[in-house]
Amino acid sequence: MDYFEYHDDVLACEGVGLEAIAESVGTPVYVYSQATLRRHVNVLDAAFGKTPHRLCYAVKANSNLTLLRRFVEWGTGFEVVSGGELFRVLEAGASPYSVILSGVGKTRDEIRHALDAGVLFLSVESQPELELISEIAVATGCSARVVFRINPDVDPRTHPYISTGLKRNKFGISLSDASSVIHAGTSLPGVTIVGIGCHIGSQITELDPFEEAIAGIVDLARDLVRQGIALEYLDVGGGLGISYDAEEPPSLEAYARTVRSVSEDLGLTLILEPGRVIAGNAGILLCRVIRKKTHGDKRFVIVDAGMNDLIRPALYDSFHRLMPVRPREGKEIVDVVGPICESADFIAQDREVNCLESGDLVAVMSAGAYGFSLASNYNSRPRPAEVLVDGDSFSVVRRRETYEDLIRLER
């Protein structure tokens with residue numbers, strides 16, 4: 001559910017018409033609904049009920065500082081995958097003990113930063129990484145709390161670029177090697193083993209892959225406990241999908257029932273890493289039609305948002321619903337494209353849309369996750385502004401970049 005609806009035939013975010021935002025801030029602009037974000041956090045938290053759990057929002061989905069501050073206020077933790085993301089959540093006021101550091105390529109500086117800050121744990125992805133963590137922990141006089149990320153070789157049935165739990169993917173420790181790597185960790189100085197986990201991918205719209213993957217690491221957890229290795233956490237990752245088009249992902253309640261059914265008897269605290277399912281449908285990219293053109297029978301609608309603003313269609317051939325802010329009569333089949341000098345610069349291809357004319361505003365839906373966080377300055381285009389709507393008011397939570405911003409670090 002989200003809070004983007006038509007009020008008197010004009011699309012609004014909560015109580016604010018999108019025309020008012022475009023007039024005040026310009027386009028393109030990312031617009032987020034605070035009510036939607038909060039609802040998704042609350043519903044997911046409630047779905048796990050009294051089962052011990054920690055919700056650690058996946059910062060890579062959307063790392064805007066104001067949004068992170070809201071998550072801090074609402075009591076969520078954070079899953080970060082870089083030193084920059086760790087810096088952001090600490091700047092937002094997060095307790096270090098609510099933060100977990102993941103990532104297959106953690107650098108020496110990132111590991112040291114996490115240990116100095118006192119994060120809840122580091123997710124270990126290989127034996128060489130484990131040995132480096134031990135070395136740094138000993139050198140800094142810290143005790144590194146670690147959770148081992150297991151690669152269960154489970155097909156998440158999603159786009160291959162966002163699959164992370166198959167043997168051919170770079171992530172995690174293979175299930176066949178996990179026991180020996182974990183036992184090696186018991187003898188390393190400066191390391192405290194606190195759990196195991198897995199994360200099999202993103203935009204997963206079926207429950208079976210979650211059940212299969214978690215069941216596999218639950219069996220491993222039981223074996224480890226029988227062998228005397230005390231565990232506190234079972235990290236079940238994230239990856240639950242949202243509806244972009246015709247997908248029918250399971251509800252948060254159904255997801256929670258599945259996770260609990262295969263893990264609850266362990267008595268470990270679950271770590272959840274939701275990102276897209278929290279932020280995806282809470283944001284849109286608002287853009288304006290520049291002009292229309294035709295090539296024979298081919299019709300193009302050129303908008304002022306390009307692949308530098310929203311790369312998902314070019315990168316994943318992803319689908320985003322398009323909603324005119326003020327609908328016109330009639331339909332037409334068009335390519336909705338941006339101004340970037342690439343043929344991959346499109347938002348929609350051969351899409352039937354409400355008739356659009358120069359100057360019309362269009363909302364690109366479900367852009368709250370992996371929208372701005374993947375934006376770039378390609379073609380030397382300033383990145384768009386970000387706006388947060390709260391009820392009947394809105395605020396700019398990231399100003400639009402200027403040309404001066406583009407060259408600031410090159411002077």
Side-chain angles (χ1 to χ4, degrees), residues 54-63 68 71 76-92 94 96-137 140 142 144-152 156 158 161-174 177-178 181-182 185 190-203 213 217 233-239 271-276 278-279 315 369-370 373-374:
R54 283 178 177 252
L55 194 160
C56 293
Y57 168 71
V59 174
K60 57 184 170 289
N62 189 317
S63 60
L68 298 180
F71 291 131
T76 73
F78 299 93
E79 185 253 353
V80 302
V81 295
S82 71
E85 288 188 353
L86 177 57
F87 175 81
R88 276 184 174 272
V89 298
L90 296 179
E91 184 71 15
Y97 206 65
S98 71
V99 180
I100 61 178
L101 176 64
S102 304
V104 71
K106 305 178 199 67
T107 66
R108 181 179 292 270
D109 285 345
E110 287 172 332
I111 293 168
R112 184 180 294 108
H113 185 192
L115 293 179
D116 287 345
V119 299
L120 180 63
F121 62 75
L122 291 81
S123 182
V124 174
E125 303 236 3
S126 67
Q127 184 157 343
E129 182 181 73
L130 174 66
E131 292 166 356
L132 177 60
I133 291 171
S134 170
E135 175 193 325
I136 296 171
T140 57
C142 297
R145 296 160 55 86
V146 300
V147 164
F148 291 85
R149 177 175 177 172
I150 311 303
N151 184 322
T158 187
Y161 289 3
I162 49 178
S163 167
T164 60
L166 287 169
K167 190 183 299 184
R168 63 173 177 263
N169 300 137
K170 67 181 179 179
F171 299 95
I173 300 163
S174 69
D177 294 335
V181 174
I182 294 169
V191 169
T192 302
I193 299 170
V194 296
I196 63 171
C198 68
H199 181 71
I200 60 172
S202 188
Q203 186 54 15
I217 64 167
Y233 301 110
L234 186 74
D235 188 336
V236 298
I271 301 294
L272 313 170
E273 301 176 9
R276 186 191 313 268
I278 298 294
L315 187 61
Y370 306 104
S373 62
L374 282 169

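Computed from a predicted structure; not experimentally measured. This chain uses plain numbering: 1 for the first residue, then up along the sequence.
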Exercise for the section: Determine, stepwise, if the pair Asp235 / Glu273 fulfils side-chain contact (heavy atoms from CB on, under 4.5 Å). Expected result: CA-CA 8 Å; Asp235 188 336; Glu273 301 176 9; 2.5 Å; yes
Nearest heavy atoms of [X] and [Y], plus distance in Å:
X	Y	result
Gly197	Val147	N-CG1, 3.9 Å
Ile193	Gly185	CD1-C, 4.0 Å
Pro96	Leu90	CG-CD2, 3.9 Å
Asn62	Tyr57	O-OH, 2.8 Å
Ile150	Cys198	O-CB, 3.4 Å
Pro274	Cys56	CD-O, 3.7 Å

Between [X] and [Y], is any pair of side-chain heavy atoms under 4.5 Å apart?
X	Y	value
Glu85	Glu79	no
Val119	Ile100	no
Thr192	Phe121	no
Arg54	Leu120	yes
Gln203	Tyr370	no
Leu86	Phe78	no
Val81	Ser102	yes

Nearest 0.5 Å please: distance from the [atom1] atom of [X] over to the [atom2] atom of [Y].
X	Y	atom1	atom2	result
Arg149	Ser126	CZ	OG	12.0 Å
Glu129	Ile111	CD	CD1	5.5 Å
Glu110	Leu115	CD	CG	12.0 Å
Leu101	Ile133	CG	CD1	8.0 Å

Practice task
Let me see the working for Phe71 and Val89 under side-chain contact (heavy atoms from CB on, under 4.5 Å), right down to the final yes or no.
Solution key: CA-CA 10 Å; Phe71 291 131; Val89 298; over 6 Å; no
Practice task
Using the side-chain contact (heavy atoms from CB on, under 4.5 Å) rule, take Glu135 and Leu132 through it: C-alpha gap first, then chi angles, then the decisive distance, then the call.
Solution key: CA-CA 5 Å; Glu135 175 193 325; Leu132 177 60; 4.1 Å; yes
With distance as the sole test, does [X] use its side chain to make a donor-acceptor pair with the main-chain N or O of [Y] at under 3.5 Å?
X	Y	answer
Ser373	Ser63	no
Arg112	Ile136	no
Thr76	Leu55	no

Exercise for the section: Could you check Ile196 against Leu234 for side-chain contact (heavy atoms from CB on, under 4.5 Å), going step by step and ending with a plain yes or no? Expected result: CA-CA 5 Å; Ile196 63 171; Leu234 186 74; 4.0 Å; yes
Problem - Lys106/Glu125 ion pair, N-O < 4.0 Å - result: no
